[in-house]
Participant: 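Below is one structure. I have some questions about it.
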Number of protein chains: 2
Amino acid sequence: MDSEELRNAGLKVTTPRLKILTLLEKSAERHMTADTIYRLLVEGGEVIGLATVYRALAQFEAAGLITRHHFDSGQTVYELERGPHHDHIVCIRCGRVEEFYDKVIEERQREIAASLGFTLSDHALTLYGECNSQDCPGRQG
Amino acid sequence: MDSEELRNAGLKVTTPRLKILTLLEKSAERHMTADTIYRLLVEGGEVIGLATVYRALAQFEAAGLITRHHFDSGQTVYELERGPHHDHIVCIRCGRVEEFYDKVIEERQREIAASLGFTLSDHALTLYGECNSQDCPGRQG
DNA sequence: TATTCAAACGATAATGATTCTCAATATAGA
DNA sequence: TCTATATTGAGAATCATTATCGTTTGAATA
């Protein structure tokens with residue numbers, strides 16, 4: 001249950017936090033901006049403040065429940081942490097986001113950091129390209 | 001000369017654009033925010049507007065003269081395009097930025113994109129870690 | 001279950017980054 | 001040099017995010 005997740009994260013269980021967490025879990029779109037989350041909740045009839053959404057997201061991130069990404073569009077999107085680490089590939093036409101994990105790249109990164117005198121603690125890898133989804137506006141045919 | 005670069009990029013040669021381009025070339029720090037660029041110019045006695053800096057940077061980026069990065073700090077930094085492609089590693093304590101290029105990772109990326117049905121057009125890879133620079137505040141010893 | 005108090009809330013003001021507006025100015029070509 | 005147009009600087013406007021503040025709520029305890 002979501003209450004458990006919050007308690008385990010050391011956060012007080014409150015109605016707004018549960019609403020946000022539930023939305024993140026149920027939503028088909030896994031990468032959302034704070035404003036999108038806020039709007040979806042309000043449109044769904046919930047009473048919640050935008051500031052609360054930002055506050056909760058910051059706390060969720062600090063607790064490791066969600067991850068924050070800065071794709072090239074410049075906007076900040078949040079993603080629920082589920083399953084193991086992965087990176088992203090974003091379609092530059094339709095914005096679709098796919099996830100992937102590559103052992104080779106992960107290992108190389110650690111080696112590179114070490115060779116430069118860094119202790120690797122995190123990384124952000126995003127590929128950009130054109131997808132061939134049926135719905136992608138830039139698709140030929 | 002800088003005028004050449006602008007002309008080749010299809011941009012009119014103007015004083016403000018030359019000032020910005022020159023600063024980017026001469027500055028020791030290769031990754032700067034728009035505001036930093038603006039402030040450095042003003043401190044150097046130049047008369048220039050912040051809006052002009054933003055405009056010029058956007059045009060330079062469109063022309064391929066510079067690249068824009070979004071590191072995890074959330075701020076947008078600009079970097080003069082010189083030499084071949086490279087990725088970045090950022091110290092999470094002191095903010096120092098190093099550059100690197102890795103053939104293995106570059107190749108893997110293309111393979112991954114293809115396997116997911118994408119035609120790769122770009123990517124952003126940034127590693128985060130703790131550096132062992134003499135000046136890094138988090139350094140032990 | 002009622003009490004209590006710090007933590008969290010919602011509304012909104014404030015901030016910081018970026019973009020827009022517009023009158024004045026500078027550029028490139030005739 | 002002259003002209004038409006693009007660019008500029010200053011400041012207003014916008015957008016995302018954070019801070020403020022009086023009110024409400026969660027959870028520990030009586």
Side-chain angles (χ1 to χ4, degrees), chain A residues 1-23 31-63 65-78, chain B residues 1-23 31-63 65-78:
Chain A
M1 205 196 314
D2 293 348
S3 310
E4 275 308 304
E5 288 188 60
L6 289 175
R7 255 188 292 272
N8 293 341
L11 295 172
K12 211 180 252 189
V13 179
T14 70
T15 316
R17 286 175 187 164
L18 286 173
K19 287 176 184 171
I20 295 169
L21 209 47
T22 303
L23 176 70
H31 305 85
M32 291 187 278
T33 66
D35 191 66
T36 300
I37 292 167
Y38 168 70
R39 231 167 353 193
L40 285 176
L41 288 173
V42 170
E43 284 170 10
E46 306 289 0
V47 174
I48 195 169
L50 179 56
T52 302
V53 173
Y54 275 102
R55 270 186 300 237
L57 290 174
Q59 291 156 337
F60 291 177
E61 193 200 4
L65 294 178
I66 64 176
T67 309
R68 183 202 308 233
H69 302 291
H70 298 279
F71 295 149
D72 266 6
S73 62
Q75 62 186 349
T76 305
V77 299
Y78 299 85
Chain B
M1 206 196 310
D2 292 348
S3 311
E4 274 308 304
E5 288 187 62
L6 289 174
R7 254 188 292 273
N8 292 342
L11 295 172
K12 215 180 249 189
V13 179
T14 70
T15 317
R17 285 175 189 165
L18 286 173
K19 287 176 184 169
I20 294 168
L21 209 47
T22 303
L23 175 71
H31 306 86
M32 290 188 278
T33 65
D35 192 66
T36 300
I37 293 167
Y38 168 72
R39 230 165 354 191
L40 285 176
L41 288 173
V42 170
E43 284 169 10
E46 306 288 0
V47 175
I48 194 169
L50 180 56
T52 302
V53 173
Y54 274 103
R55 271 186 299 236
L57 290 173
Q59 290 155 339
F60 291 176
E61 192 201 5
L65 294 178
I66 65 176
T67 309
R68 183 203 308 234
H69 303 290
H70 298 280
F71 295 149
D72 266 7
S73 62
Q75 64 186 349
T76 305
V77 299
Y78 298 86

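In what follows, chains are A, B, ... by sequence order, proteins preceding strands, each numbered from 1.
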Participant: Is B:Lys12 close to B:Leu6 at the side-chain level, that is, under 4.5 Å between some pair of heavy atoms?
Facilitator: no

Participant: Need two values: the first and the last nucleotide of DNA chain C, 5' to 3', having an atom under 4.0 Å from any heavy-atom of chain B.
Facilitator: C:dA17 to C:dA28

Participant: How would you list, by chain and number, every residue that makes a side-chain hydrogen bond (donor to acceptor under 3.5 Å, both in side chains) with B:Thr52, sequence neighbours excluded?
Facilitator: B:Arg55

Participant: Where along residues 6-17 of chain B does a heavy atom fall under 4.0 Å from DNA chain D?
Facilitator: B:Lys12, B:Thr14, B:Pro16, B:Arg17

Participant: Taking only residues two or more places apart in sequence, or in another chain, which ones meet B:Glu5 in a side-chain hydrogen bond (donor to acceptor under 3.5 Å, both in side chains)?
Facilitator: none

Participant: Quick one: does A:Arg68's side chain have a donor or acceptor within less than 3.5 Å of a partner on A:Thr76's backbone?
Facilitator: no

Participant: With the threshold set at under 4.0 Å for non-hydrogen atoms, list the residues of residues 39-60 of chain B touching DNA chain C in residue-number order.
Facilitator: B:Leu50, B:Ala51, B:Tyr54, B:Arg55

Participant: The criterion is side chain to side chain contact (heavy atoms under 4.5 Å, CB included); which residues satisfy it with A:Tyr38, sequence neighbours excluded?
Facilitator: A:Asp35, A:Val42, A:Ile48, A:Leu50, A:Val53

Participant: Output all residues satisfying ring pair (Phe, Tyr, Trp, His ring centres under 6.0 Å) with A:Phe71, sequence neighbours left out; order by chain, then residue number.
Facilitator: A:His69, A:His88

Participant: With sequence neighbours left out, write down each residue that passes side chain to side chain contact (heavy atoms under 4.5 Å, CB included) with A:Ser3, or none if nothing qualifies.
Facilitator: A:Met1, A:Arg7, A:Val13, A:Leu18

Participant: Could you tell me which residues satisfy side chain to side chain contact (heavy atoms under 4.5 Å, CB included) with A:Ala9, sequence neighbours excluded, listed by chain and number?
Facilitator: A:Leu11, A:Ala63, A:Leu65

Participant: For the atom pair CG (B:Leu57) and CD1 (B:Ile66), what is the distance rounded to the nearest 0.5 Å?
Facilitator: 4.5 Å

Participant: Looking for any heavy atom pair under 4.0 Å, which part of the strands does B:Thr33 touch: base, sugar-phosphate only, or nothing?
Facilitator: nothing

Participant: Given axes from five pairs at either end, by how many degrees does the helix from C:dT1-D:dA30 to C:dA30-D:dT1 bend, rounded to 10°?
Facilitator: 40°

Participant: Can you name the residues that form a side chain to side chain contact (heavy atoms under 4.5 Å, CB included) with B:Thr36, not counting sequence neighbours?
Facilitator: B:Met32, B:Thr33, B:Arg39, B:Leu40

Participant: Distance check, rounded to the nearest 0.5 Å: B:Ile37 atom CD1 versus B:Lys19 atom NZ?
Facilitator: 14.5 Å

Participant: Heavy atoms of chain B, cut-off under 4.0 Å: which first and last nucleotide of DNA chain D, 5' to 3', fall inside that, if you could look?
Facilitator: D:dA6 to D:dG11

